[in-house]
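Heads up: the structure comes next, in structure tokens.
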Amino acid sequence: MATPLSDTPLSPIRSVAVVGLGTMGTGIAEVLARAGRDVVGIDISEAQAATAVATLESSTARAVERGRLTGQERADTLARIRTSTDLRAAADADLVIEVVPESYEIKQQVFRELDGIVRPETVLATGTNALSVTRLAADSARPERVLGLHFFNPAPAMRLVEVVSSVLTGPGAVTAVTDLALDLGKEPVAVGDRPGFVADGLLFGYLNQAAAMYEANYASREDIDAAMRLGCGLPMGPLALLDLIGVDTARTVLEAMYAASHDRLQAPAPILRQLSEAGLTGRKAGRGFYTYEAPGSAVVVPDSSSPRASDTPVPGRPVRAVGVAGSGTMASGIAEVFAKAGYEVVLAARSAEKARTARARIGKSLARGVDKGRLTAEAAAQALERITPTGTYDDFADVDLAVEAVAEDLDVKRQLFATLDKVCKPGAVLATTTSSLPVVACARATSRPQDVIGMHFFNPAPAMKLVEVVRTVLTADDVHATVREVCAKVHKHAVDCGDRAGFIVNALLFPYLNNAVKMVQEHYATLDDIDAAMKLGGGYPMGPFELLDVVGLDVSLAIEKVLHREFRDPGLAPAPLLEHLVAAGCLGRKTGRGFREHARR
């Protein structure tokens, strides 16, 4: 009895045909040739094939200049690559990778033609990130040899490769391309067939929500992008990334995701359709969310939406002394920030002992800064000298700005603001560091809601550059101006947003984290594969499950509940798995167990 083709072991892949020589196809061809594979690049356009060759020559020349290739290695690499405009050039390939436009019709035509050209054992891979691999495989004469092989752009630099199996894919094909990916120096992640797979499935939902946030005029494009770069350590903001990817490409991916999930959060934001249909598709068109120097340029130029330096802001109120309420990590960090910037700081806690303990914590932090060369011993001593610990809020009588950093509990904060209203002098600005609660509720606990504003620092406050400045409908213009001026003086980047749950960062970050939990809950991918995919494919400093364990699963659940309650979208409902872990006391690093086991501190 003959061995089923799907179980037949495959020989190592030595020759590869790449169909489609756009940016991605050209990059994949370079990766393969540099790893010793014979490559034929195929494109119906002779001009595109010539462009690909020129791109490969300049790319490998830069690699030699940077010491990543020798001159001989460059010559060998280029010698392994030939181009053709005839699909029959793929006849002898062990693997064919198609990276033609994201269209079922175009891709299916390529696969139908390949069926009559390639050998029976040739593996056929699609580079799609949006279309169904199963649907493409079903139309092939050899569906067991069809799979997805999703590289990330730029292919020579990005280490992640998603290996996508359909229900029809044979294990021999999966093994062959996984071994190839490893030999290319890539990190292969095995995933099933669903739109977006892992990395794009999480990434594009986040990008879509950022586009919707901008469309709603909640925050400027510059502030949305700065918030996610500085608040989450991302290499690019979401709107700039949409321009890089292509607004039309993002819309296509989201349409496919929404068709499969019917999750409203994945329904493309209307602005994506508007920009696409207007031809404003991002960098490649010279204009998208931003305007660029020229089509294909990365240089942003001012346009009608750019902030104008000529705008004269309302002058702020003078601030000499600052009161910080609280004794935890956040309060200590904020007090340190103000003291280092030259402000006199009153640090008030529920008891004088707690306040002294917090000041001592600041002293240790300042000493570490001296050890690392970030400030002099004299500057550290002066900063610490500016901090006066106290066990009573009565000592806030002369502060010009009071910043609360107490428990994330609305009743606690309301009581504190009622107290600040009584003890702080007229004209003092009252700020809350809440990350998820309504600022206006704190304001209404006072007799001067016009003086209340949100000033959301990020932890650790001395290191994190971002502050979200949250205006309520009652906040006075000069109060807003005061906080902006103070942020500049303490060397923080202020972004403006309105008083709604999550502000910018948490409103975009936590739905992404929640969707990652849902992927694990649905057994679509493992914790390790998801974390690897987002670090290697998205440039995230931490994978979602690493971050959840650091933030705390209880904190994450509380924020997700607030977002769900505010926006009432079913897609924002916390994943049951997260709720179960919190109920079991598995809260992350602080308890020794969250999504992973951690050593007790």
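Because only heavy atoms are used, hydrogens play no part in the values below, and waters and symmetry mates are left out as well, while side chains stay in. Keep in mind that what you see is a predicted model, and the values were worked out from it rather than measured.
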Apply side chain to side chain contact (heavy atoms under 4.5 Å, CB included) to [X] and list each qualifying residue two or more places apart in sequence or on a separate chain.
X: D179; value: T175
X: P544; value: Y512, L513, A516, I530, D531, M534
X: D92; value: none
X: S132; value: Y104, T134, R135, D193

Quick one: ring pair (Phe, Tyr, Trp, His ring centres under 6.0 Å) pairs with a partner in [range], sequence neighbours left out?
range: residues 29-54; result: none
range: residues 180-200; result: H150-F197
range: residues 36-78; result: none
range: residues 205-261; result: Y214-F289, Y258-H262

Basic-acidic side-chain contact under 4.0 Å: R500, E566:
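Not counted as a salt bridge, because no side-chain N and carboxylate O are separated by less than 4.0 Å.
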
Would you mind checking if R264 and D569 are paired as a salt bridge, meaning a charged N to carboxylate O distance below 4.0 Å?
yes

Backbone N or O of D243 within a donor-acceptor pair of the K284 side chain at under 3.5 Å?
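Not a single qualifying donor-acceptor pair exists.
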
Check: E57 main-chain N/O paired with R74 side-chain donor or acceptor under 3.5 Å:
yes

Evaluate D248 against S276 for side chain to side chain donor-acceptor pair (under 3.5 Å), listing each step before the verdict.
CA-CA 5 Å; D248 51 342; S276 295; 5.6 Å; no

S165: partners by side chain to side chain donor-acceptor pair (under 3.5 Å), with sequence neighbours left out
none

With sequence neighbours left out, what residues match E30 under side chain to side chain donor-acceptor pair (under 3.5 Å)?
R34, S59

Say you draw a straight line from NZ of K492 to CG of L466; how long is it, rounded to the nearest 0.5 Å?
9.0 Å

Show me the pairs that pass side-chain hydrogen bond (donor to acceptor under 3.5 Å, both in side chains) and involve residues 538-547, at least two apart or across chains.
K535-E546

E102 vs T128 side-chain heavy atoms within contact, under 4.5 Å
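Answer yes - side chains close enough.
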
Taking ring pair (Phe, Tyr, Trp, His ring centres under 6.0 Å) as the test, write out the residues that go with F458, two or more places apart.
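Scan of F458 (ring pair (Phe, Tyr, Trp, His ring centres under 6.0 Å), adjacent residues dropped) gives H456.
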
